Enquirer: 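Handing you a structure now.
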Amino acid sequence: MGREEQEKLETDNKKEKTKDKNSKAGEIFAKYFSKSVTSIIITVIVIAVIVVVLTKVFKKEEPVKEVITVSTLEKIVEVSDLSTFKVVYNGVACAEDKYYVSYEATVDAGIDFEKIEITVDNEAKKVTVKLPQAEIIDTYVDIASLDYIFIDKKANTETVSEEAYKLCKYDVKQESESQEAIIDLAQQNAENVVIALVQPFVDQVDPDYEIVVE
């Protein structure tokens, strides 16, 4: 082998080695680049998922605006106690020519809240509440408070308390119904109760609404 051939062979060997190195470097770079791209894609997907989840979690829902309706107001004014005014009454009943009996009683006056009529005019922004007339709801006579003055001593029997109790119940009902002040105060208190129940809700929904109690 001549010198020229030997130099050519060495040059070819160097080229092959360089080519092999470049090829291995390319393979390593390709693998690294492929892994890097995959990692980036995965990271982007994870971030996107997190953003979607956080958006749903922290997204502020639009508040549902309440509307003033008759049914809602009717539920608000539903109360179990019809009494709006209570007064203690001291009276004396007469059992013809047999005896007089003094007693202590409690009178409850008020309205039937189930008979309240409500109308809502959303255009005029007006709530109208029509109340029924107040009346005597019930009377309670304290049987232990009964005290007698007998005209006829023969009337002092074992059954006198039962008879006198019924007489006092009738007497206090008649007397209380004739007292206009009791009815008037019960009516006024009923109006105040209804306003106290309805006003806070109406003001919360729309303070521009007017409440009229009739």
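If you're wondering where the values come from, they're calculated on a predicted model, not measured in any experiment.
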Enquirer: Indicate the atoms forming the closest heavy-atom contact of Tyr209 with Lys126, along with that distance.
Expert: CD2-N, 3.7 Å
Enquirer: Is any side-chain heavy atom of Glu210 less than 4.5 Å from a side-chain heavy atom of Val202?
Expert: no
Enquirer: Is there a side-chain hydrogen bond (donor to acceptor under 3.5 Å, both in side chains) between Tyr103 and Asp147? Walk through the geometry before answering.
Expert: CA-CA 7 Å; Tyr103 63 90; Asp147 191 17; over 6 Å; no
Enquirer: May I have all residue pairs that pass ring-ring contact (aromatic ring centres under 6.0 Å, His included) and include part of residues 116-148, sequence neighbours excluded?
Expert: Tyr99-Tyr148, Tyr148-Phe150
Enquirer: Are Val127 and Val193 linked, directly or through other ILVMFWY residues, by side chains that come within less than 4.5 angstrom of each other?
Expert: yes
Enquirer: Do Val172 and Val107 come within less than 4.5 Å of each other through their side chains, counting heavy atoms only?
Expert: yes
Enquirer: Could you work out, with side chain to side chain contact (heavy atoms under 4.5 Å, CB included) as the rule, every residue matching Thr157, not counting sequence neighbours?
Expert: Thr159, Val160
Enquirer: Output all residues satisfying side chain to side chain contact (heavy atoms under 4.5 Å, CB included) with Leu131, sequence neighbours left out; order by chain, then residue number.
Expert: Ile111, Ile116, Val129, Gln187, Ala190, Glu191, Val194, Val213
Enquirer: Which heavy-atom pair separates Ile136 from Ala109 by the least distance, and what is that distance?
Expert: CD1-CB, 4.0 Å
Enquirer: As an exercise, state the distance from NZ of Lys98 to CG of Leu167, rounded to the nearest 0.5 Å.
Expert: 9.0 Å
Enquirer: Using a side-chain heavy atom cutoff under 4.5 Å and only I, L, V, M, F, W and Y, what cluster partners does Tyr170 have?
Expert: none
Enquirer: Quick one: closest heavy-atom pair of Thr84 and Gly110, and the distance?
Expert: OG1-CA, 3.4 Å
Enquirer: State which residues pass salt bridge (Lys or Arg N to Asp or Glu O under 4.0 Å) with Asp138; sequence neighbours excluded, sorted by chain then number.
Expert: Lys169
Enquirer: List in chain and number order the residues that pass salt bridge (Lys or Arg N to Asp or Glu O under 4.0 Å) with Lys130, two or more places apart in sequence or in another chain; answer none if no residue qualifies.
Expert: none
Enquirer: Quick one: side chain to side chain contact (heavy atoms under 4.5 Å, CB included) partners of Lys153, sequence neighbours excluded?
Expert: none
Enquirer: In Å and rounded to the nearest 0.5 Å, what is the NZ to CG distance from Lys75 to Leu197?
Expert: 15.5 Å
Enquirer: Remaining members of Val92's ILVMFWY cluster at a side-chain heavy-atom cut-off under 4.5 Å?
Expert: Tyr100, Ile149, Ile151
Enquirer: Does the side chain to side chain contact (heavy atoms under 4.5 Å, CB included) test come out yes or no for Tyr89 and Glu175, once each step is laid out?
Expert: CA-CA 9 Å; Tyr89 181 81; Glu175 288 294 325; 3.2 Å; yes
Enquirer: Under 4.5 Å between side-chain heavy atoms, counting indirect links through other Ile/Leu/Val/Met/Phe/Trp/Tyr residues: same cluster for Phe201 and Phe113 or not?
Expert: yes
Enquirer: Is Glu74 atom CD crowded by more than 12 heavy atoms from other residues, nucleotides or ligands, each under 6.0 Å away?
Expert: yes
Enquirer: In chain order, what residues pass the side chain to side chain contact (heavy atoms under 4.5 Å, CB included) check against Gln199, with sequence neighbours excluded?
Expert: Ile195, Asp203, Ile211
Enquirer: Does Glu214 have more than 12 heavy atoms from other residues, nucleotides or ligands lying within 6.0 Å of its CD?
Expert: yes
Enquirer: Nearest 0.5 Å please: distance from the CG atom of Asn90 over to the OG atom of Ser102.
Expert: 8.5 Å
Enquirer: Sequence neighbours left out, what passes salt bridge (Lys or Arg N to Asp or Glu O under 4.0 Å) with Asp97? Give chain and number order.
Expert: none
Enquirer: Quick one: which residue pairs count as a salt bridge (charged side-chain N to carboxylate O under 4.0 Å, His left out) with a foot in residues 111-122, not counting sequence neighbours?
Expert: none
Enquirer: Please test Leu146 against Val141 for side chain to side chain contact (heavy atoms under 4.5 Å, CB included), starting from the C-alpha separation and ending with a verdict.
Expert: CA-CA 9 Å; Leu146 302 186; Val141 175; 4.2 Å; yes
Enquirer: Not counting sequence neighbours, which residues clear salt bridge (Lys or Arg N to Asp or Glu O under 4.0 Å) with Asp171? List them please.
Expert: none
Enquirer: Against Lys86, only a single residue in Thr106, Asp108, Asn189 fulfils side chain to side chain donor-acceptor pair (under 3.5 Å); can you say which?
Expert: Asp108
Enquirer: Please step through side chain to side chain contact (heavy atoms under 4.5 Å, CB included) for the pair Ile68 and Leu73, ending with a clear verdict.
Expert: CA-CA 8 Å; Ile68 298 175; Leu73 295 177; 4.0 Å; yes
Enquirer: Would you mind reporting whether Cys168 and Val101 have side-chain heavy atoms less than 4.5 Å apart?
Expert: yes
